[in-house]
Novice: 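Quick one: this structure, given as C-alpha cells, is what I'll be asking you about.
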Amino acid sequence: MTVIFLLIDSAKKQIDKLISDACEKARAAGALPDGPSLTGGVEATREASHGDYAATHAMSAAKAMKMAPAKIAEALGGCIDLDGSYFKSFSIAGPGFINFVLSDKWYGEVLSAVEAMGDDYGFVDVGNGKRVMVEFVSANPTGPMTIGNARGGVLGDTLASVLQKAGYDVWREFYVNDSGNQVELFGKSLDARYMQLCVGEENYEFPEDGYHGDDIKELAASLFEAEGDKFAGMSPEERAEAFTAYALPRNIALMREHLERYRIRFDQWFLESSLYEGGYVAKTVELLEANGLTYEKDGALWLKNIDLGADKDEVLLRANGFYTYYAVDIAYHINKMERGFDKVVDIWGADHHGHAIRMEATFSAPMLGGRDKLDFLVYQMVRLTRGGETVKVSKRTGKALTLNDLLDEISVDACRFFFNAKPDSHLEFDLDLAVRQDSENPVYYVQYAHARICSLVAMLKAEGFDVPECARVDAALLCHETELELMKQVAALPEEIRLAARDYDPSRINKYCVELAARFHRFYGACKIRGEEPGLLLARLKLADCVRVVIRNCLAVIGVSAPEKM
C-alpha cells in the first residue's frame, strides 16, 4: 500500500517540474538569464475562471533575475510543454501568475485511484508504521461517564482512526484511576450510604466532600438488598475497602458496556494500581530525587517544576506518606514511553489544560527523555441545548445527563458526528437538530448522499447498467462544472487525512464529508444520469459510485454508519 494516490500533490509537483524544465529551455534560448533554480508556490485558484492551480514562480524570481514577473512568465510560457502531463492548458495572468487547467487524464486517475484502493482510499503513509498510543476518555470509575467524556471519547477514537489511515500503528488506551484519594472517597461515600440504610439517614453522617450522586445510593442499595446489615459490625475502613472491591469492578464493566454501545473499544484498560504494584511510582520519585529535581518543604517532597519551565512546583509525596496524583501521572507516562511507543497522545478536557502544560514541562527533564514523544489534545467543553435552552438532565430519568442517557435520546451516529467538532472550540450541541431528518442536520445530509447513491446504483442495475470499471469510462465526458468540482473534492481526501493527523484535528473529516455531500447533491441536481446516452450514463454512474466509496470511508473513520436506505 506504499503507492499512495496523492493526486493533488502530484499535480502541484508536476507544475514545479514543468516550470523548471521550461526555465532551462528559456535560459538556453537566451530568453531568461542564468542564475539560481526557479522556485515558487503552487496553490489552488479561488475562481474556476482562473484555472485550477496558480504558480507564483515568475514573481518569486523577479528580484534575482532583475526582470518584471510578467516578462519572466511570458518567457516560461513560451517553453512549457504540457504533452503527457495532467494539464490541458495554461495561461499568464495578472502580475505574472501562471495558471494551469487540469485535463481529463488527471480526472480519470482520480476515479482509478478510488477503484484501485476501495476501502483503503484516503490512506497516506506519512506514519511509516510508527507506534502511537492515544489515551482518551480515562473517566474516573467512581461514577457514570459525563457528556465531557462523550466528546473526548469521539475525538480520541476518531483521531486514532485518522492516524491509522495516515499509516501509524495505533494503540488505544483507557487509564483507570482505581487508586488514590478519589477511590478512597468513593469507598467512604458507599459506606455512608450503606450505613444510612442500616441505621437511618439521620444517624450516620455523610462525608462533606463525598460523592452525592444517585449512582452511589443505587450501589449502596444493591449491597443492602443483597447482604442486609451484615457489614454494619465492621469498622468504617473495612467496610469502605469491601465496598470499593465490590463496586469499582461493576462501574468499570458498565463503562465498557456504555463505550461499546458508543462504538469505542480499547486495546488496553490500564489500571493505576498496577503502577504501585510494579514499583513504578516509587522508582519515578527516586529518579527525580537522584537527579536533583526535588526538595523538601513542610514535610512533603516537591518537584522543581518551575526550573523545568512550569508555572509552579508540584508535590510528589505528601507529609502523610502518600504519593500525589501528579507523581503517579509522571510514572504512568514513563511507563508509556518504556513500552516502545514513538508518540504518546493524551486527549484531555479543558479542565486539564494547566496540568497538560505542567506535564510538558516535567518531561523536558533530560532523564525522562520524553518531551518529543508526548503530545496533548485539549478539547473544550460541551453545552447541550434543546429549544434554545441548556439541557442538564435526562428526559427519561430526570437526573444529571450521562453518556448513556444521551444515547437513549440521540442516535450513536449523530452523537459521534456532532461531538467530532473542532476540538479547541466550545461545542453547542443542539439536540433538536441532531434528530432532524433534513439538510440542516449534517450527519443526515452526508448519510442521505450515500443512501441516494446506493439507490441510484440499484435502480440502474435493475435496468441493466452495472457500475463500470474505469477502463470502460471516458473521463473526458465528465466536463460539467459540478462534475469537475466533485472529482477535485474526491481527490482531496488523502491530503485531508494527512493534515488531520498532523494537526490532531479529526474534525477535518467532518467538514470534508459535508462538503463532499454538498458537491454531490449539486452534481446530482445539475447532471442527468438515468436516460442519458450510455457513455455519459456510465461515466456519471462511475463518478457517483466513487463518491459513495469515499463517503463510506470517511464515515467509517468517524465511526458513523453509512446506510444504503433512508
Side-chain angles (χ1 to χ4, degrees), residues 2-113 124-126 475-476 478-481 483-499 502-503:
T2 53
V3 179
I4 311 301
F5 294 91
L6 296 170
L7 290 166
I8 290 176
D9 188 54
S10 296
K12 291 180 177 181
K13 287 179 178 177
Q14 194 174 95
I15 288 174
D16 272 330
K17 182 69 165 57
L18 289 169
I19 292 177
S20 176
D21 290 348
C23 182
E24 292 304 311
K25 291 178 184 177
R27 281 172 170 162
L32 289 177
D34 290 333
S37 59
L38 196 63
T39 59
V42 179
E43 297 298 334
T45 59
R46 294 182 180 180
E47 296 181 26
S49 60
H50 294 164
D52 295 301
Y53 293 101
T56 62
H57 297 63
M59 289 172 283
S60 299
K63 185 175 180 181
M65 290 188 174
K66 298 179 181 179
M67 289 177 65
K71 291 292 185 183
I72 297 172
E74 287 175 14
L76 290 171
C79 297
I80 291 175
D81 182 4
L82 297 180
D83 253 6
S85 75
Y86 284 142
F87 304 96
K88 64 180 181 181
S89 65
F90 69 89
S91 59
I92 311 300
F97 288 106
I98 306 177
N99 296 335
F100 291 79
V101 178
L102 290 162
S103 71
D104 54 87
K105 176 182 178 180
W106 185 85
Y107 290 110
E109 289 201 15
V110 172
L111 303 183
S112 295
V124 48
D125 196 10
V126 294
L478 300 173
C479 54
H480 190 274
E481 179 185 354
E483 294 168 328
L484 302 181
E485 289 302 311
L486 184 55
M487 285 186 281
K488 282 192 276 191
Q489 183 68 8
V490 166
L493 178 58
E495 178 66 359
E496 287 299 318
I497 293 290
R498 185 187 72 81
L499 293 173
R502 183 197 69 183
D503 300 338

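Note that this is a predicted model, so its numbers are computed, not measured. Numbers here are sequence positions counted from 1.
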Novice: To the nearest 0.5 Å, tell me how far I98 CD1 sits from L18 CG.
Specialist: 10.0 Å
Novice: What's the separation between atom CG in L32 and atom CD in E74, rounded to the nearest 0.5 Å?
Specialist: 11.0 Å
Novice: Between atom CD of E481 and atom CG of L486, what is the distance when rounded to the nearest 0.5 Å?
Specialist: 12.0 Å
Novice: Salt-bridged, K12 to D16, with N to O below 4.0 Å?
Specialist: no
Novice: What do the steps show when you test Q14 against F100 for side-chain contact (heavy atoms from CB on, under 4.5 Å), and what is the final call?
Specialist: CA-CA 11 Å; Q14 194 174 95; F100 291 79; over 6 Å; no
Novice: So that I can tick it off, tell me whether K25 and D21 are bridged by a salt bridge, with the cut-off set at under 4.0 angstrom between side-chain N and carboxylate O.
Specialist: no
Novice: Could you give the distance from NZ (K17) to OG (S85), rounded to the nearest 0.5 Å?
Specialist: 11.5 Å
Novice: Are P95 and M59 packed together at the side-chain level, in the sense that at least one heavy-atom pair is separated by less than 4.5 angstrom?
Specialist: yes
Novice: For a 4.5 angstrom cut-off between non-hydrogen side-chain atoms, does M67 reach P33?
Specialist: yes
Novice: Could you report the tightest heavy-atom contact between W106 and A11, atom names first, then the distance?
Specialist: NE1-CB, 3.9 Å
Novice: So which heavy atom on I15 is nearest to which on A55, and how close?
Specialist: CG2-CB, 4.0 Å
Novice: Would you compute the distance between atom CD1 of I497 and atom CG of L6 and round it to the nearest 0.5 angstrom?
Specialist: 11.5 Å
Novice: Does a side-chain heavy-atom distance below 4.5 Å link L111 with L478?
Specialist: yes
Novice: Are I19 and L38 packed together at the side-chain level, in the sense that at least one heavy-atom pair is separated by less than 4.5 angstrom?
Specialist: yes
Novice: OH of Y53: more than 12 outside heavy atoms within 6.0 angstrom?
Specialist: yes
Novice: For a side-chain contact (heavy atoms from CB on, under 4.5 Å) check, start with the C-alpha distance between Y107 and K488, then their side-chain angles and the critical distance, and finish with the verdict.
Specialist: CA-CA 8 Å; Y107 290 110; K488 282 192 276 191; 4.0 Å; yes
Novice: Answer yes or no: is there a side-chain heavy-atom contact under 4.5 Å between L82 and K88?
Specialist: no
Novice: Please determine whether side-chain contact (heavy atoms from CB on, under 4.5 Å) holds for the pair H57 and V42, giving the CA-CA distance in whole Å, both sets of side-chain angles, and the decisive distance to 0.1 Å.
Specialist: CA-CA 8 Å; H57 297 63; V42 179; 3.7 Å; yes
Novice: What heavy-atom pair brings I8 and A492 nearest, and what distance separates the two atoms?
Specialist: CD1-CA, 3.6 Å
Novice: Quick one: does D52's side chain get under 4.5 Å of F87's, heavy atoms only?
Specialist: no
